[in-house]
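Input: a single structure, listed below in C-alpha cells.
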Amino acid sequence: MKTWSEMEEIQPLASKIIKNSIRKGRISHAYLLQGERGTGKTDIALIIAKVLFCERLNGSETEPCHECRNCKRISSHNHPDVHWIEPDGMSIKKEQVEKLQKEFTYSGLESNQKVYIIKDADTLTVNASNRILKFLEEPSRQTTAIMLTENSQSILPTIRSRCQVIDLKPLNPLLFKAQLEENGLDAGTASLMSALTNNLHDAIEWNKGEWFAEARKLVVQLIEILSTSPDDVYIFIHSHLIPHFKDRNDQERGLDLILLAFKDILYYHLGNERDLVFFDSNHVLLEKAAMTFSQDRLMDILNAILSAKRKLKQNVQPTLVFEQLTLQMKR
Ligand SMILES: [Zn+2]
C-alpha cells in the first residue's frame, strides 16, 4: 500500500497529472496505466479508487486517509463497488466482462459510484475488448475504469483513444538496488535481483525462499559442467535443472538466470567487469568459462536463450525448450 507522497518519489509526473485532475474534480472516467512490472500501476489504481470512496477526504484534497473502512476494504480488495478483473488462464474472456457488466446494471451496493480495475488489460480477447468498448463509449459520471498493462501495444486503438493514457517510467536501477540493500540483501544478490526484476516485493520474497538460492547454484553447476564435462550436461538438466524449474514462472526466471550468467562470461571477455551481475569478478569459474566459450559462441548462446524464452511464451513444452537450449549450449 502506497500514499501519493510515496508514489511521487518513483512516479513524479504520473502522480502530478492524476493529483491535478483530482484537485480540479475532474477524475477521468477511464485510465490506461502503462508501465513495466513494479512501476506502481496497482498502487496508483488503489489510490484512485480510495480517492473516490474515502470517508474522510474533503473537497479538493488529494490524499485519501488510507485508514477509514472504505480505504481499508479497497486495500484488501474487499470493497463491494471496486471490481477487479484479471486473466483467467492466459486471457481475460468475454464472459468475465459480461459478468461485470451485469453487476453494473444494479445500482452500487453502497453508493452509485463504481470502479473496475482490469489487470493485464493487454490479455483481453477481441470479444472481451469489444464488450469493454461498449462501456467506455457510454461513460457514466459514476463509473471509473482503470486498466493496467505492461504491454500497451496490444491494447485495441479504439480502447486506448477513449482512455487517459498515463505512462509510468522504469525505476532507476541504482535507486532500486539501494532499496534492496536497505531490505537486507547483500550487494551481490541486490545486483542480481535488480537485473531480474524491478518489483521490490518479488525480489525480497525470492531472496527469502529457498528456490532462488538453489536455482542460482544450479546455474553455476550448469556452467561448470559445460566447461569441464559437457557430455554429462543432459543427465544434469534432467536430474536437476528441469525438476527444479517446475512451473512457467520458475522456467522463465531460470532462463533469466542462465542469460545473466552467459552475459557475464561475455562481459568478462570484453573487459566490462564492472557490469558483472551473476558472478563476482574473481570467480574462478568465470575464467574457466571464458576459455571454454568464444565470443562468437557466446553470442549464439545468448540468442538461443532469448529464443527459448520466446518458445516458453508460445507454450512450447518446457522440457523440449530446455533440451534444445542445452544442445545449442553444448555444441
Ligand atoms: Zn479513507
Side-chain angles (χ1 to χ4, degrees), residues 1-35 37-86 96 99-121 132 135-136 139-149 163-169 171 179 182-183 199-202 204-205:
M1 184 203 92
K2 284 206 163 67
T3 62
W4 275 131
S5 32
E6 287 167 309
M7 258 346 278
E8 276 167 350
E9 285 180 26
I10 51 173
Q11 296 296 347
L13 186 61
S15 305
K16 187 174 162 184
I17 293 171
I18 302 171
K19 279 176 72 177
N20 268 339
S21 61
I22 297 170
R23 203 171 287 123
K24 291 178 190 154
R26 287 209 298 252
I27 295 186
S28 173
H29 70 90
Y31 287 100
L32 175 61
L33 306 178
Q34 56 185 37
R37 195 174 159 78
T39 47
K41 298 183 290 295
T42 307
D43 288 318
I44 293 180
L46 284 170
I47 306 178
I48 297 174
K50 286 179 188 171
V51 165
L52 293 164
F53 289 99
C54 179
E55 291 164 359
R56 298 186 197 156
L57 193 71
N58 298 313
S60 60
E61 286 172 10
T62 55
E63 185 79 81
C65 75
H66 300 280
E67 283 171 356
C68 68
R69 185 162 162 264
N70 279 342
C71 283
K72 279 188 175 155
R73 286 191 298 176
I74 291 169
S75 286
S76 57
H77 292 207
N78 277 324
H79 195 289
D81 292 320
V82 178
H83 299 262
W84 292 79
I85 300 189
E86 302 185 27
Q96 291 175 266
K99 191 174 155 230
L100 174 81
Q101 289 173 328
K102 207 169 161 197
E103 287 190 47
F104 275 34
T105 56
Y106 308 115
S107 53
L109 286 172
E110 297 186 9
S111 65
N112 281 327
Q113 188 77 53
K114 280 163 184 286
V115 173
Y116 58 104
I117 301 172
I118 304 182
K119 284 184 130 179
D120 297 319
I132 290 285
F135 246 179
L136 298 177
S140 136
R141 274 178 63 89
Q142 289 172 314
T143 301
T144 308
I146 308 173
M147 289 185 250
L148 318 179
T149 182
C163 293
Q164 181 175 3
V165 180
I166 305 276
D167 276 309
L168 302 181
K169 301 251 170 304
L171 298 190
Q179 278 183 322
E182 276 167 29
N183 279 280
N199 185 308
L200 188 66
H201 176 78
D202 281 355
I204 293 169
E205 287 302 305

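This one's a predicted model, so the numbers in the text were calculated from it and none came from an experiment. Whatever order the structure lists ligands and atoms in, that order sets their numbers, starting from 1.
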Only protein N/O/S atoms count here: give how many lie under 2.8 Å from the Zn ion (ligand 1). 4
Measure the shortest side-chain to side-chain distance between Gln164 and Ile17 over non-hydrogen atoms and say whether it is less than 4.5 angstrom. yes
Is there a side-chain contact between Ser75 and His66 in this structure, where contact means two heavy atoms from C-beta onward sitting under 4.5 Å apart? no
Check the orientation of Trp84 and His77. Use parallel for under 30°, tilted for 30 to 60°, and perpendicular for over 60°.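 Judged by the thresholds at 30° and 60°, the geometry between Trp84 and His77 is parallel.
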Name the one of Lys72, Lys50, Arg56, Arg73 that satisfies salt bridge (Lys or Arg N to Asp or Glu O under 4.0 Å) with Glu67? Arg56
Does atom NZ of Lys2 have more than 12 heavy-atom neighbours from other groups under 6.0 Å away?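 12 or below, so no.
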SB check Lys19 Glu8 (cutoff 4.0 Å):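 Yes, Lys19 and Glu8 are salt-bridged.
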